[in-house]
A.B. asks: 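I have a structure I would like to understand better, so I am pasting it below and will then ask my questions one at a time.
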Amino acid sequence: MEILQTEDRGGEVIIDKYYDGIRFPANIPGNVKDQLVSVKNLKHTKGDVFLDTFPKTGTHWAYEILYMLQTGKAEYSSDPFMCLEFQATDRLDAFEGPRVLKSHLYPQHIPKFVEDGKCKVVYIYRNPKDTAVSLYSFIKRVNVNGLKGYNGTWEHFFEIFATKPMHYNSWFEHVKAWLDFKKENAEIPILMVSYEDMKKDLRSCVKKMAEHLDVKRNPEFLDEVANKCQFNVMSKAQRSNVKETTLSKDGSNPFYRKGGVGDWKNWLTVAQNEMYDAMLQEKMADIDLEIKYTL
Ligand code: A3P
């Protein structure tokens, strides 16, 4: 494991732990390797669901939906766990479930039982422009190892987001790795859902997820899940989540901000947008996924 620093043009740095080809956030425990070994060997519990995302693409949102579908109760989870790569896995092994295991891991690092097709997988993706805005806003708000000192400008941050590897390498690499993994492992039940589709028609996405999990839930229950997981309702309920508010500098919950599609238009300058669109043309050539930037 190596400690790597990504320096922006203003000299501000983001620190990562680099291991096995991936840049992990510096607050992953220890040497990363031991943590990944524990994740790989995590025990399977009947009914487990595995949720994977690139950071800031709707992890918490999808988590609550999947948890409600899995438990059959339209109640928010008290989610005692963080993403797998940040979590002491002995606690997870001792937890009876039902479990929605969330992570930002690349396919090569997911638990063995997930690779073996023993549980349902959901991958959420979001357009990279809104993801960049959300990530920047998050990084400025949090107070965690490797990030608390970052005080770069949006201009400088966007430049590194677009052109340099940072947390989990890059949006492109992550999405491509999961698309390839899905293609090459047809026997693993993977559902890919976009943040934008969830925003456009949450009820349909909730139904799709219920079908994927193969849980029988009546239409009224699906309505209730969709209502409780709308941004305004859910973010209000999570405002005082103690586990999450302690991560921020100002005591707010850093995982909730605007919860919309297209906020990037308020952030990217014309020049930034042109630069990024030119890059997208090239990078998206081998990413077979429709990405929506507006609703
Ligand atoms: P914004 O910063 O654009 O508001 P993650 O959970 O992966 O960290 O993602 C965080 C992003 O998801 C934030 O985006 C957050 O506001 C948004 N989000 C959280 N809950 C949501 C919900 N119920 N509906 C829509 N967006 C939600």
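Values below: all heavy atoms of this structure, side chains included; hydrogens, waters and symmetry mates excluded. When a ligand or atom number is given, it counts from 1 through the structure's own listing order.
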A.B. asks: Can any side-chain N or O of Tyr19 pair as donor or acceptor with the backbone N or O of Val32 at less than 3.5 Å?
C.D. replies: no
A.B. asks: So among Lys56, Lys258, Lys199, which one has a salt bridge (charged side-chain N to carboxylate O under 4.0 Å, His left out) with Asp263?
C.D. replies: Lys258
A.B. asks: Between Asn185 and Lys182 (side chain of the first, backbone of the second, donor and acceptor by atom type, cut-off under 3.5 Å), is there such a pair?
C.D. replies: no
A.B. asks: Under a 3.5 Å distance rule, please check whether Asn127 uses its side chain to pair with a backbone N or O of Lys129 as donor and acceptor.
C.D. replies: yes
A.B. asks: Might you point out which heavy atoms bring Glu115 and Lys40 nearest each other, and give the distance in Å?
C.D. replies: OE2-NZ, 3.4 Å
A.B. asks: Tell me which residues fall inside the under-4.0 Å heavy-atom shell around ligand 1.
C.D. replies: Lys56, Thr57, Gly58, Thr59, His60, Trp61, Arg126, Ser134, Tyr195, Cys229, Gln230, Phe231, Met234, Phe255, Tyr256, Arg257, Lys258, Gly259
A.B. asks: Taking the cut-offs as 6.0 angstrom to the six-membered ring centre and 45 degrees off its axis, would you call Lys17 and Phe24 a cation-pi pair?
C.D. replies: no
